[in-house]
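The structure presented is a predicted model; accordingly, all values stated were derived computationally and were not measured.
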2 protein chains.
Amino acid sequence: MRIGDLAARAGVSVRSVRYYEEQGLLVSVRSPSGQRHYTEQEVERVTFIQRLYTAGLSSRTIAELLPCVDTPSLENSDAAMDRMSEERDRLSAHIDDLIRTRDALDHLMSVASAHRTTLTAK
Amino acid sequence: MRIGDLAARAGVSVRSVRYYEEQGLLVSVRSPSGQRHYTEQEVERVTFIQRLYTAGLSSRTIAELLPCVDTPSLENSDAAMDRMSEERDRLSAHIDDLIRTRDALDHLMSVASAHRTTLTAK
DNA sequence: CTAAAACCTGACATTGACGTCAGAGGCAAG
DNA sequence: CTTGCCTCTGACGTCAATGTCAGGTTTTAG
């Protein structure tokens, strides 16, 4: 699979795929002419990378976590596990914050809606 | 209250407060010498603005929502309510996405942990 | 009164994940 | 063989919230 296909199937831009490789999040097999080739596996990997980006992780952080995905066993885990746990907690805190924000919006909307009801009732 | 106090109490930088005003999210009463003065009310407002920023809203979007907070009644509501509902939905979707990402991290961690248990058991 | 601390405006710098463009080469179909 | 699409590298552009600095005024503490 070439880069265009991978990008399309993962739902990202070709530019992004190259960027991921530049950041050490992805490796590619090069054809003699220098073109990148990928396997089915990489589709899932790219979507997972995107998922982490969307969760607010930086390239550097993702780079620290991915070895834990690649090699779900060895001793590299030590620091990576801590990092993973740390990011999990940060994510949880962020989720809670977002939920509070959503509640605030809901409250605003209900107040506005009540006002409207009052007005139309008059 | 002057800008430094407001910033400190809302937990943001002085620069940010000026930026919020520049973006039309905040108004200030100016002393004859040109210094900004605020009331207690603005503390809450700034923290709320920050909350929306953290939730991923842009200055422009926040500017569209705040009138709904200031005037929780009149006819401006129409478009603002739609916008608010739209952002609420976007927020909900994002929260769900983050929860799925957290689940993925949890899964990775449990797999790694299981591997570790297996190894130490040997 | 004076020095420190806080404020003002205006402008340029930063960061990160990309977009976009240029110039050159690769590859399948007709 | 050539036309059109894909890919390559490298570099510069972007956007948004904020940092930071300069040069000057104002307020506050002693």
Let me spell it out: for each of Gln35(B) and Tyr19(A), pick the nucleotide of DNA chain C with the closest heavy atom. Which residue's pick is nearer the 5' end?
Gln35(B)
Starting at the 5' end of DNA chain C, which residue's closest nucleotide do you reach first, Ser31(A) or Ser33(B)?
Ser33(B)
For atom [atom1] of [X] and atom [atom2] of [N], their distance in whole Å:
| X | N | atom1 | atom2 | value |
| --- | --- | --- | --- | --- |
| Glu22(B) | dA16(D) | CD | P | 13 Å |
| Tyr20(B) | dA16(D) | OH | P | 15 Å |
| Leu26(B) | dA17(D) | CG | P | 15 Å |
| Ile3(B) | dT27(D) | CD1 | C1' | 15 Å |

Would you mind telling me which residue lines up with the more 5' stretch of DNA chain D, Arg2(B) or Ser16(B), judged by nearest nucleotide?
Ser16(B)
Does the side chain to side chain contact (heavy atoms under 4.5 Å, CB included) test come out yes or no for Asp97(A) and Arg51(B), once each step is laid out?
CA-CA 8 Å; Asp97(A) 192 32; Arg51(B) 174 171 290 288; 3.0 Å; yes
Can you list everything that forms a side chain to side chain donor-acceptor pair (under 3.5 Å) with Ser28(B)? Sequence neighbours excluded, please.
Glu21(B), Arg30(B)
Between the base of dT20(D) and the side chain of Arg15(B), is one N or O donor paired with an acceptor at under 3.5 angstrom?
yes
Test side chain to side chain contact (heavy atoms under 4.5 Å, CB included) applied to Arg45(A) and Leu25(A), step by step:
CA-CA 9 Å; Arg45(A) 188 182 183 89; Leu25(A) 311 179; 5.7 Å; no
How far apart are the C-alpha atoms of Leu6(A) and Arg36(A), what are their side-chain angles, what is the distance that settles it, and do they pass the side chain to side chain contact (heavy atoms under 4.5 Å, CB included) test?
CA-CA 10 Å; Leu6(A) 174 61; Arg36(A) 295 170 175 85; over 6 Å; no
Would you call Arg90(B) and Glu86(B) a salt bridge, taking side-chain N to carboxylate O under 4.0 Å as the test?
no
Regarding Arg18(A) and Glu22(A), does a basic nitrogen lie under 4.0 Å from an acidic carboxylate oxygen?
no
For chain B, the stretch of DNA chain C it reaches, first to last nucleotide, under 4.0 Å of its heavy atoms
dA6(C) to dA11(C)
Has Ser85(A) got a side-chain atom pairing as donor or acceptor with Met81(A)'s backbone, closer than 3.5 angstrom?
no
Do Gln23(A) and Ile62(A) have side chains that approach each other closer than 4.5 Å (heavy atoms only, starting at C-beta)?
no
Name every residue in residues 48-60 of chain B that has at least one heavy atom under 4.0 Å from any atom of DNA chain D, in order of residue number, or write none if there are no such residues.
Gln50(B), Tyr53(B), Ser58(B), Ser59(B)
Base, sugar-phosphate, or nothing for Arg18(A), non-hydrogen atoms under 4.0 angstrom?
base
Side chain to side chain contact (heavy atoms under 4.5 Å, CB included), that's the test. Do Asp106(A) and Arg102(A) meet it? Break it down for me.
CA-CA 6 Å; Asp106(A) 285 345; Arg102(A) 183 177 59 183; 4.1 Å; yes
